[in-house]
> 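Following this message is one structure expressed as structure tokens.
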Amino acid sequence: MNALENTTSPYLLAHKDNPVQWRLWSSDVLAEAEQSGKPILLSIGYAACHWCHVMNRESYSNPETAKLINDNFIPVIVDRVQRPDLDQLYQAAGNIMGFSGGWPLTIFLNAQGRPFFVGGYLGDVEKFGQPSFTRVLTEMVALYRDKPEDVVKQSQAIFDQLAILHDRDMRGLADSIQIDPAALRLAQRYDIFLGGQLSYLGNGTMKFPQTIFLDVIWRAYLRSSISQFLQVITTTIDAAVLGGLYDHIGGGFFRYTTDERWHLPHFEKMLSDNALIVEFLTNLWQFNRNALCKRHLEETIGWMQRDLKLNGAFAAGFEAESEGEDGKFYLWSESEIDAALTGTFVQRFKAVYGVTRDGNFMGRNILRRSGHPQPQLSEADEALLTKQRALLLAARDKRVHPARDETILADWNGLAISALAQAGAALDRADWIQTAITAFDAIVKTLGEGDRLYHSADGGVRGAQGFADDYALMSRGALHLWEATGDARFLDAAKRWVGTLNEHFWNSQKGGYCTTSDDAETLIVRSRVLYDQSVPSANGIMATVLTRLGMITGEGHYGQRAREVLEAFADEYSRAWASCASYISSLETFVTGFQIVIVGPRTSPRTQELMRAVWGKALPNRLLYVVESGEALPPGHPAFGKGMQNGAPTAYLCSRNTCSIPITSAVTLSQALTLPPRAPVGSA
């Protein structure tokens, strides 16, 4: 028996029948380790992780291995989706010990929770240059028993480095930070021929879309019009949407590809990745009206609405496996394509999507358009392909589906709410905005309690208290909904959640927001994180949220706190620029952010024309504030006292404390927003 029988996490439930006597993470685990004299074996993974499932089958389901674990260790298992604080902390510890990162994370701790050895996937036999799990376990037993002084020394050294990494004083002057060199250096890390970063995990074989980092390069292009920046972006996005990373039948993007040409995906599909990509594709479409961007963001949102909706919110994602085989759900033989598309000019489909008799992956076909010489075909061809994809989707739906991780996460739903609100406003899709509103309300109902948030819920059961990422990304989503709808309840929610962050997460000695609240469970280090991971960091996001709140309200304390966030990590920036993209983007927003204030009834056709002129432009640093006629702006707002001209809805462009002359024509407003390239952005 183990402690997983009554859990709701799909990842933990997959281990409930293991012969390993699993515990859940708690302070009791540390006490048990202290009392028993045994080290802790900590395993961290998540439901969509393929190698986590392989290790479960090969190692944790093996009775002999389980006996070795039970007799000599306190085994603890953690779902990283439910406990990102633990994952973040121990992944950093693994990096210090030379582990490149990823899941499963297998890490050995002493009774104080301090790590002394790390591994990743460890199978039942030696392979991929990795020792077998039983060999590692045996060596750890001997080390802990026979060389306790070495364990103490190693664990203390790792702890000291963790404290330096997460809790040292990183303050500096934001005025000294230069944005453009960071964008240039990031762009130099990209593969100019195939797209994607070359340096991820120290090699160029795995390709991730990494739109958080592409956003820095995108903003640099908008500032400078340097064509090389745009080339990096378009090469990467074209490879992502045309290659194997994209699910061409059902919509949505897989997590990454295992090859540098974007051909072979790892088949897990996550809410967070897709929300970030939708937001980025929306920005590109606003700039160039590219039909490829529009189609893929429409299809991806369609997949989110069709397959991820759960009680109004969004589930976390889908596993890579079905019937025990990685990617089986998504692969096609030529005969299956022929049967499903009988009578529909099947040869045309096979030519476009690279379908062959022998296949391109283990005798079957991963559908992709990257090998076809014409990425954008005629309207008639695209209409035929749309019909054929629908037929294949119907055929695929009869297969055994990958399991869905039905965890509802506040931070990932915050990303989805932001993406849907912005895409809905830009493409004039009220249904997308309504989907975002429904998700927002579901998160407040499921995970909200007064001004506090919980991080996750499975089967209606709440998990850990909310982390800084949850408050930051839900606040961001609330502000994007307020911008799209004008509903004050979204603005009020953002203010309340920011207030909670300031009260319970702010580090008053060194600045910045801690990952955990001051009344949460105590870990070995209370982290303050600058760098982005699968989602942008809370500190990176909060500088933008606070800047936008300052612009909306005219209250100076928001802008002051935004500066304090930026300065809390300014000294760290010179070392960590390559991993803190959201911080870089927030600094630009803080320096150059401006707002378009439109005074007039939101339902008026003239007001709508002015709004469409704003939403039709790629302006990542802008804020749209629609003021109903008769509504008073806050006294500290730069547009305070300004109104409609001659009874017509009127727009004002406001930066800092200055506003433009009134603009009543949508054409004139659009021209005013088509700004020439600006000088390089440097200091704050």
Side-chain angles (χ1 to χ4, degrees), residues 275 278-279 282 301 305 309 311-314 410 413-451 453 470-500 541 544-555 558 595-615 622-634 637 639-640 643-644 649 651-652 654:
V278 164
E279 184 171 332
T282 299
I301 292 174
Q305 291 176 315
K309 285 300 291 293
N311 299 326
F314 292 98
N413 272 269
L415 287 172
I417 290 164
S418 287
L420 288 165
Q422 293 178 83
L427 277 76
D428 202 17
R429 290 289 299 266
D431 57 324
W432 293 350
I433 297 174
Q434 184 56 54
T435 299
I437 293 171
T438 301
F440 179 91
D441 291 338
I443 293 298
V444 170
K445 179 181 178 181
T446 305
L447 299 176
E449 189 171 291
D451 295 341
L453 286 168
D470 299 310
Y471 289 93
L473 292 171
M474 280 300 298
S475 296
R476 179 175 181 264
L479 289 181
H480 281 132
L481 274 179
W482 171 83
E483 199 174 13
T485 67
D487 192 331
R489 70 188 177 97
F490 301 122
L491 178 59
D492 291 341
K495 290 179 179 179
R496 292 197 310 273
W497 289 329
V498 169
T500 299
I541 288 297
T544 290
V545 168
L546 290 160
T547 299
R548 288 164 65 83
L549 277 173
M551 287 194 286
I552 295 166
T553 65
E555 298 175 16
Y558 287 117
Q595 56 184 313
I596 302 103
V597 178
I598 299 175
V599 183
R602 185 176 280 267
T603 56
S604 164
R606 296 285 295 277
T607 302
Q608 292 290 319
E609 288 177 5
L610 293 171
M611 291 171 62
R612 278 193 287 272
V614 176
W615 285 111
R622 67 100 183 92
L623 173 79
L624 174 60
Y625 193 162
V626 180
V627 183
E628 295 281 351
S629 51
E631 178 185 344
L633 282 162
H637 196 282
F640 178 74
M644 295 192 296
Y652 301 88
C654 303

> Return yes if some donor-acceptor pair links the side-chain N/O of Tyr652 with the main-chain N/O of Gly643 below 3.5 Å, else return no.
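It does hold such a pair.
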> Return the OG1 to CD1 distance between Thr547 and Ile552, rounded to the nearest 0.5 Å.
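Rounded to the nearest 0.5 Å, the OG1-CD1 separation comes out at 11.0 Å.
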> Does any N or O in the side chain of Thr435 come within less than 3.5 Å of the main-chain N or O of Asp431, such that one atom is a donor and the other an acceptor?
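It does hold such a pair.
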> Would a distance-only check, ignoring hydrogens and angles, find a side-chain to backbone donor-acceptor pair under 3.5 Å from Gln595 to Tyr625?
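Not confirmed, Gln595 side chain does not pair with Tyr625 backbone.
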> Verify, without hydrogens or angle tests, whether Gln422 (side chain) and Ser418 (backbone) share a donor-acceptor contact under 3.5 angstrom.
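Yes, because the side chain of Gln422 sits within donor-acceptor range (under 3.5 Å) of the backbone of Ser418.
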> Could you tell me whether the side chain of His637 and the main chain of Thr553 form a donor-acceptor pair under 3.5 Å?
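Not a single qualifying donor-acceptor pair exists.
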> Are any side-chain N or O atoms of Thr438 and backbone N or O atoms of Gly312, one a donor and one an acceptor, separated by less than 3.5 Å?
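Pair absent, no side-chain N/O of Thr438 close to backbone of Gly312.
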> Tell me every residue that passes side chain to side chain contact (heavy atoms under 4.5 Å, CB included) with Gln608, counting only those two or more places apart in sequence or in another chain.
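Listed in chain order: Arg602, Met611, Arg612.
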> Hey, could you give me the CE/CG distance between Met551 and Leu549, rounded to the nearest 0.5 Å?
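So the gap between those two atoms works out to 9.5 Å.
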> How many angstroms lie between CZ in Arg429 and CD1 in Ile301, if you round to the nearest 0.5 Å?
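These two atoms lie 7.5 Å from each other.
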> Could you check whether any side-chain N or O of Glu483 sits under 3.5 Å from a backbone N or O of Leu624, counting only pairs where one atom can act as donor and the other as acceptor?
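Such a contact is found between Glu483 side chain and Leu624 backbone.
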> Within 45 degrees of the axis of the six-membered ring of Trp615 and under 6.0 Å from its centre: does Arg622 put its NZ or CZ there?
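So Arg622 does make the cation-pi contact.
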> Do you know the tightest heavy-atom contact between Ile417 and Gly477?
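Smallest interatomic distance, heavy atoms only, reads CG2-O, 3.7 Å.
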> Would you call the rings of Phe490 and Phe440 parallel, tilted or perpendicular if under 30° counts as parallel and over 60° as perpendicular?
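Phe490 and Phe440: perpendicular rings.
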> Going by heavy atoms in the side chains, are Thr446 and Asn311 under 4.5 Å from each other?
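Not in contact.
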> What's the separation between atom OG1 in Thr500 and atom NZ in Lys495, rounded to the nearest 0.5 Å?
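One gets 14.0 Å once the value is rounded to the nearest 0.5 Å.
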> Looking only at atom types and distance, does a side-chain atom of Ser475 sit under 3.5 Å from a main-chain N or O of Trp497, one as donor and one as acceptor?
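No, the answer is negative, given that no donor and acceptor are paired below the 3.5 Å cut-off.
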> Kindly give the heavy-atom pair with the smallest separation between Gly600 and Thr607, and that separation in Å.
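Shortest heavy-atom contact: C-OG1, 3.7 Å.
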> Can a donor-acceptor pair be found, under 3.5 Å and without considering hydrogens, that links the side chain of Asn413 to the backbone of Phe314?
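Between the backbone of Phe314 and the side chain of Asn413 there is a qualifying donor-acceptor contact (under 3.5 Å).
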> Quick one: CG on Leu420 to CD1 on Ile433, what's the gap to the nearest 0.5 Å?
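Spacing of CG (Leu420) from CD1 (Ile433) equals 9.5 Å.
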> Might you point out which heavy atoms bring Val626 and Glu631 nearest each other, and give the distance in Å?
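The answer is O-OE1, 4.4 Å.
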> Arg489 vs Asp441, test: side-chain contact (heavy atoms from CB on, under 4.5 Å). Steps then yes/no.
CA-CA 11 Å; Arg489 70 188 177 97; Asp441 291 338; 2.8 Å; yes
> Could you pull out the closest heavy-atom pair between Ala651 and Ile598, with the gap in Å?
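Closest pair (atom of Ala651, atom of Ile598, distance): CB-CG1, 4.0 Å.
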> Looking only at heavy atoms, which two atoms of Ser604 and Pro649 are closest? And how far apart?
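Smallest heavy-atom distance, with atoms named: OG-CG, 3.8 Å.
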> Restricting to non-hydrogen atoms, name the atom on Leu491 and the atom on Leu479 that form the minimum distance, rounded to 0.1 Å.
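Shortest heavy-atom separation between Leu491 and Leu479 comes out as CD1-CD2, 3.8 Å.
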> Which distance, rounded to the nearest 0.5 Å, do you find between the CH2 of Trp432 and the CD of Gln305?
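The distance works out to 8.0 Å.
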> Side-chain contact, heavy-atom cut-off 4.5 Å: Ile541 with Leu473?
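Yes, their side chains come closer than 4.5 Å.
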